[in-house]
Amino acid sequence: MGNIVIGILQIVIFIALAPAIKGFIHKIKLNLRGQKGPSILQPYKDLIKLFRKEPVISKDASFISKIAPIVVLLATIISASFIPIFSPNTLLSFTGDVIAFMYVLGLSTFFIALYGLDQGSSFGGLGSAREMTIASLAEPTLMMIMFTFSLEYGTSNISEIFVKAHSHSFNVPIAYVFSLLALFFVSMAENARIPFDNPETHLELTMVHEAMILEASGKYLAIFELSSYMKLLLFISIASNIFLPFLYSSNMLLNILFYIIKVIIFSIPIALLELSVAKFRFFRIPDLLMISFALATLGFVLYYV
Amino acid sequence: MNLNISLSEFVEFMAALSLFFAILQTASHRLDFAIKTYTAQSIALSITMFLSVFYYFDYELILSAVLTLLIKGILIPFVMKKITDKIVEDENVKPFVNFTYSVLICIFIVIFSFYITSNTFYCSTDNGTMQKVLAIGLSIIFVGIFLMLARKKALIQIIGFLTLENGIILGATSTVKGLPLIVEIGVFFDVFVGAIMAGILIFHIKDTLESIDTSKLSDLKE
């Protein structure tokens, strides 16, 4: 019973923290550019405002447009409930492993793409095509990283990986370094951030993620935004729990604090990368993703000998 | 949770980093980026050699490491940069095999090298570190050969050759504790003079063909 309460608490903290991290990354970027920028709490205000409004749906849209936002939100929450936030007792730790986690997350990507196609606008289809290209190229890298950890800890269950990562010493730090770099690239690709997509612009030639949800409004837009914030935090959580297994105590409250510190540590490089690199041409994206695949494979292959 | 990175792991890491930079070269679109990656690769190589000193307790390797750093990390990139600056042409690397496929082929090369070295070589003293370094050295050799075959520009073919050279040195360090010093110094000057001569050749190619694209070498001229 206590485990279920802890599991639910983890999800609640996760959802509550997600918009703040988005605001935090945005704030760092603007501050480093010499601008003041909105407060960290701005995404919450946006979400509340959008949730109050009623959605407008195109008359050509089918039932997909009605169910897609809910499926996306649910898929993101379910995949979040695999991930240990501050305790290994996650809500779904008894079932499912890294592979289930990744394919549930893939379901949300798929339904966003369907939503983009369903509305019948030309930008939506364009965004969906691009998103699926990037997602399909990013997937093998993510699998390779997860296989590396499954090999390292002898299990594919995320909670067990979490427990073992916090009790063992590093066996092969080389694999860790390469996997971390690969995970960094992949999470930028999956979350439509700068070398792959610019989340701040609505320029029709370049946008990927924004093009798909261009037709969304009101509640549905709020749900899509919340899911994308959560997805970003999901990747940061994976990185902070697996690659930075320090700062872990038996005290639950202290662990929440440590978790937030780790998340902040991992969001700073994202902001710095977005400041220093311009968005890549779309046809260079496969190169970049292939390099991240090479990194992941390099980490994986070092186990071979 | 205790972090214990041993020396052998650090040696592996630097060697693997050097392999990663070699793979990054095959994905580079521009000549100056390829030269920068070559510099990074050579520096990683020299750090690997320097750390191998504490692994083998063979102090001749220090001299080799310093020479690698000086010649391959500083001198050759400088010469290459001079050549690129003088030949004012478009900086793009023209590929026979495109960049995405190149990286994919390099991944297969790495897996292949790890496969063929897996059973052949066991050193009694270490737990497979030098075996991994040998596999990495072999991968760098193959990646260098692939780079020479898959690019049209003469300059990047030279970089491919130099990459191959780095791979040979890494392989030698891992198997026979480095080449004898005399041989090594000879090899270094050979490579250096080779790079300069290749540069001169590039000037000649540029003069006669008005391009350093080697695929145009077989075009007929009056």
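Note on naming: letters A, B, ... go to the chains in the order of the sequence lines (proteins, then strands), and numbering restarts at 1 for each one.
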>> Once rounded to the nearest 0.5 Å, what's the spacing between atom CZ of A:Phe178 and atom CG of B:Leu19?
In response: 7.5 Å
> More than 12 heavy atoms of other residues, nucleotides or ligands under 6.0 Å from CZ of B:Phe50: is that the case?
Replying inline: no
> Taking atom CZ of B:Phe96 as the centre, does the number of heavy atoms from other residues, nucleotides or ligands within less than 6.0 Å exceed 12?
Replying inline: yes
> Of the backbone (N, CA, C, O) and the side chain (C-beta and beyond), which part of B:Leu24 lies under 4.5 Å from a heavy atom of chain A, both, or neither?
Replying inline: side chain
> Sequence neighbours excluded, which residues qualify as side chain to side chain donor-acceptor pair (under 3.5 Å) partners of A:Tyr103?
Replying inline: A:Glu139
>> How close do A:Val177 and B:Phe13 get, counting heavy atoms only, and between which atoms?
In response: CG1-CE1, 3.5 Å
>> Please list all pairs meeting salt bridge (Lys or Arg N to Asp or Glu O under 4.0 Å) that have one or both residues in residues 180-195 of chain A, counting only residues at least two apart or in different chains.
In response: A:Glu190-A:Lys231, A:Arg193-A:Glu274
> Does the pair A:Val301 and B:Ile107 meet the rule for a side chain to side chain contact (heavy atoms under 4.5 Å, CB included), with working shown?
Replying inline: CA-CA 10 Å; A:Val301 129; B:Ile107 294 170; over 6 Å; no
>> Taking side chain to side chain donor-acceptor pair (under 3.5 Å) as the definition, give me every residue that meets it alongside B:Arg151, ordered by chain and number, with sequence neighbours left out.
In response: B:Ser102
> Got more than 12 heavy atoms from elsewhere within 6.0 Å of CZ, A:Phe110?
Replying inline: no
> Listed by residue number, which members of residues 286-298 of chain A have a heavy atom under 4.5 Å from any heavy atom of chain B?
Replying inline: A:Pro286, A:Asp287, A:Met290, A:Ile291, A:Phe293, A:Ala294, A:Leu295, A:Thr297, A:Leu298
> Do you know which of B:Cys106, B:Ala16, B:Ala27 has the most heavy-atom pairs under 4.5 Å to chain A?
Replying inline: B:Ala16
